[in-house]
Structure formats: C-alpha cells, structure tokens
J.: 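Quick one: the structure is below, and I'll ask about it shortly.
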Amino acid sequence: MRKIIKFLKTDGRDVAVNLVGCVIVGISFSFFTYPNNIVSGGLTGISQIINLLTGSPVGILIIVMNIPLFAVAWKKFGLRFIIYSLIGMVGSSVAIDLFNLLNISLTDDILLAAVYGGLLRGLGYGLIFTSGGTSGGTDIVSRMLRRKYAFIPLGTIGLVLDVIVVAAFAIIFKRMDAAMYTIITIFVASRMINLLLYGTANSSICYIITTSPHDIANQISKSLRRGATLLKGEGAYSGDERDVVLCAVKRHQIPTLKRVVSSIDKNAFVIVTQSHEVFGQNFQNIEKID
C-alpha cells in the first residue's frame with residue numbers, strides 16, 4: 001500500500017489529468033448522449049444495452065465486466081497501467097452514475113448531442129489515455145491490439161470495436177436512426193482522441209536536392225535549430241551524382257526553411273511531405289508507449 005501511495009504522489013499531475021478526463025466522460029454520457037438514446041461504444045455501450053433491458057446501473061455494470069479484462073492486463077502492462085486504468089474506469093463509472101442522478105439533458109437536438117457528446121467523450125478519453133491509463137473495457141483490448149498492430153492509431157482501433165457494439169444495439173432495439181447518430185458520436189470522439197494522442201501532424205520531412213548541401217545544413221542548424229542528414233543520390237536520367245539534405249521540421253518552420261534554401265541555392269529542388277509521427281530530439285519521446 002505504501003508503494004502505491006508513493007507511486008501516486010510522484011505522478012500527481014497524471015492522476016489529476018485522469019480524473020478530469022473521467023468527469024468529462026461522465027458529462028458527455030449523462031448530459032448529451034444517454035438522454036438522447038445515443039448508445040456509447042465499447043463496454044460502456046454494452047452496459048447501456050443491458051441497462052435498457054434490465055434497468056441495472058450503467059456504472060456498476062462497467063466495473064463488474066472489467067474485472068476479467070484487468071486480470072489479463074495486469075501481466076501484460078504492469079502496475080502503473082493497472083493503477084491508472086483503475087482510476088479511469090472507476091472514476092468514469094462513478095461520474096456516469098452520479099451525473100445520471102441529476103437527470104439533465106443539455107439539448108434535445110439529437111444531432112447536437114451526437115456531435116458535442118462525441119467531442120467531450122473524445123476529450124475525456126484522450127486525457128485518460130495521455131495520463132497513461134484507460135477507462136477499461138475495449139480500451140484495454142485496443143491497447144493490446146495497438147501493440148501488435150502499431151501502425152494503426154489507437155483511436156481508429158477503438159472506432160472499429162465501437163462500431164461492432166453499435167451494430168448490436170441497432171439489431172436488438174431496431175433503432176437504426178439512433179445507431180447512425182451514434183456512429184457520428186464515435187467518429188468525432190475517435191478524431192479527438194487521435195488529436196490529443198498524436199497531435200495535428202504538424203511535423204514535415206524535407207528533402208533538399210542541392211549543390212551546396214553543407215552550407216544549407218549548417219544554416220538549417222543555425223536558423224531553425226534542427227539537425228540535418230546528408231544523403232547521396234543519383235539522377236535516374238542523367239546518372240549524375242546528387243546531394244540530398246534530409247531534415248524534419250515543424251510546419252511553421254517551413255517558410256524559414258524556404259528562405260534559407262533560396263538564399264544559398266536558388267536552383268535547389270525541395271520536397272516537403274507531411275509526417276504522421278516524428279520521434280527523437282525536440283520531437284516526441286521515442287520511448288513513449290501507446
């Protein structure tokens with residue numbers, strides 16, 4: 001117990017972020033989606049389906065169904081992940097049941113509820129994920145799949161799992177309209193989660209084919225404070241050797257890069273491509289685990 005308390009004290013900021021995410025998830029569910037019959041995805045959606053059939057509290061159902069998943073995740077992800085996922089799962093479940101007692105609906109427009117409910121849901125879950133945990137349920141399954149298929153964004157994996165639950169809801173209750181609005185909510189939420197986890201993809205990779213590679217690389221270092229790599233290439237048609245400067249920059253640095261290149265070699269050939277993720281110095285931590 002002392003180790004756990006000490007562990008939480010050293011990570012107080014992450015705990016706070018996690019709890020804020022739980023509150024936002026509760027607001028999304030209780031004030032937007034649930035009053036408008038928009039089913040949630042994942043284990044929350046399964047709990048909501050059972051709730052509609054039996055009247056059992058959604059939050060309690062979520063906790064009960066998470067027990068076997070946490071037992072599996074304990075060995076795969078370790079103590080920190082389990083602690084923060086427990087906070088996320090219990091916190092969001094309690095928030096959902098407490099806010100449901102208020103019986104408040106902030107809008108009767110189902111489209112507004114779908115969009116804003118999705119935004120808040122994605123924001124809440126995104127904060128929980130950035131703290132290093134999950135809200136349990138299919139979020140744990142998503143993490144497991146993410147480790148095996150690292151090229152797929154976490155929000156996209158969650159989107160697929162959520163669609164399966166929504167399809168079950170539509171079949172059981174024959175509510176195709178509600179299911180379609182739910183897809184809007186889930187899509188908006190997944191985009192928000194990916195935005196929080198991976199940013200706005202504001203990094204770019206630049207290939208500069210030039211006759212003055214060293215001068216350009218040195219000026220990039222001075223003006224943009226970015227490193228560069230010198231590559232050797234060959235013209236496919238002419239067979240002539242080509243020098244290529246490769247560098248990763250933030251999107252807002254591209255105009256400066258253009259000025260640097262044009263001031264040294266006006267005949268340089270520059271290719272700028274958008275990157276999904278860049279790891280290393282001054283970018284994302286390469287040791288970060290999704």
Side-chain angles (χ1 to χ4, degrees), residues 1-12 14-26 29 39-54 56-98 121 124-150 152-169 186 189-190 193 197 287-290:
M1 180 60 71
R2 288 181 180 178
K3 289 184 178 180
I4 294 176
I5 293 174
K6 182 180 179 181
F7 185 79
L8 292 177
K9 284 183 178 179
T10 58
D11 291 77
D14 286 337
V15 173
V17 169
N18 196 319
L19 291 175
V20 170
C22 292
V23 172
I24 295 175
V25 169
F29 183 90
V39 69
S40 298
L43 210 59
T44 302
I46 296 173
S47 300
Q48 190 175 348
I49 291 173
I50 296 174
N51 166 265
L52 293 172
L53 293 172
T54 66
S56 302
V58 174
I60 293 177
L61 289 169
I62 292 173
I63 293 174
V64 171
M65 287 191 288
N66 265 294
I67 294 174
L69 287 172
F70 272 85
V72 174
W74 178 278
K75 295 181 179 180
K76 287 185 173 292
F77 298 106
L79 179 63
R80 188 184 193 281
F81 178 83
I82 289 298
I83 290 175
Y84 281 90
S85 293
L86 278 171
I87 294 173
M89 185 267 291
V90 175
S92 58
S93 299
V94 170
I96 285 172
D97 280 350
L98 287 179
R121 177 187 172 193
Y125 282 133
L127 290 175
I128 293 172
F129 293 158
T130 56
S131 73
T134 70
S135 60
T138 53
D139 296 334
I140 292 178
V141 178
S142 296
R143 291 269 179 162
M144 293 178 181
L145 292 173
R146 168 72 173 170
R147 284 198 167 185
K148 186 174 182 180
Y149 305 103
I152 306 177
L154 193 63
T156 303
I157 297 174
L159 174 63
V160 174
L161 296 175
D162 288 345
V163 168
I164 294 173
V165 175
V166 173
F169 169 80
I186 292 173
S190 72
I193 291 171
L197 292 182
E287 295 180 345
K288 180 181 177 183
I289 299 175
D290 290 325

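FYI, side chains are in, hydrogens and waters are out, and symmetry mates aren't considered; it's all heavy atoms of this structure. These numbers were taken from a predicted model, which means no experiment stands behind them. For this chain, numbers begin at 1 and follow the sequence in order.
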J.: How long is the straight-line distance from CD1 of I60 back to CD1 of I96, given to the nearest 0.5 Å?
T.: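 Taking CD1 in I96 and CD1 in I60, the distance rounds to 12.0 Å.
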J.: Which of these, D97, I50, N66, I46, sits in a side chain to side chain contact (heavy atoms under 4.5 Å, CB included) with L61?
T.: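 When side chain to side chain contact (heavy atoms under 4.5 Å, CB included) is applied between L61 and each of D97, I50, N66, I46, only I50 qualifies.
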J.: Does I186 form a side-chain contact (heavy atoms from CB on, under 4.5 Å) with R121? I'd like the steps, not just the answer.
T.: CA-CA 9 Å; I186 292 173; R121 177 187 172 193; 3.6 Å; yes
J.: Could you measure the distance from the CG atom of L86 to the CD1 atom of I63? Nearest 0.5 Å is fine.
T.: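 Nearest 0.5 Å value for the CG-CD1 distance: 10.0 Å.
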J.: List the atom of T54, the atom of S56, and the distance in Å for their closest heavy-atom pair.
T.: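 Looking at all heavy atoms of both residues, the shortest contact is OG1-OG, 3.0 Å.
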J.: Which heavy atom of I62 sits nearest to which heavy atom of S47, and what is that distance?
T.: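 Looking at all heavy atoms of both residues, the closest pair is CG1-OG, 3.3 Å.
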J.: Measuring from atom OH of Y125 to atom CD1 of I24, what distance do you get when rounded to the nearest 0.5 angstrom?
T.: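 One gets 12.0 Å once the value is rounded to the nearest 0.5 Å.
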J.: Do the non-hydrogen side-chain atoms of F29 and Q48 ever get within less than 4.5 Å of each other?
T.: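 F29 reaches Q48 side chain to side chain.
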J.: Report the distance from atom CZ of F70 to atom CD1 of I82, rounding to the nearest 0.5 Å.
T.: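 Spacing of CZ (F70) from CD1 (I82) equals 6.0 Å.
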J.: How close do G88 and C22 get, counting heavy atoms only, and between which atoms?
T.: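 Taking every non-hydrogen atom into account, O-SG, 3.4 Å.
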J.: Would you say the side-chain atoms of N18 pair up with the backbone N or O of S131, donor to acceptor, closer than 3.5 Å?
T.: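 Absent.
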J.: What are the two closest heavy atoms between V25 and S92, and how far apart are they?
T.: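 Reported closest heavy-atom pair: CG1-CB, 4.2 Å.
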J.: Looking only at heavy atoms, which two atoms of A95 and G26 are closest? And how far apart?
T.: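 So the minimum-distance heavy-atom pair works out to CB-CA, 4.0 Å.
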J.: Report the distance from atom CD1 of I128 to atom CD1 of I193, rounding to the nearest 0.5 Å.
T.: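 So the gap between those two atoms works out to 9.5 Å.
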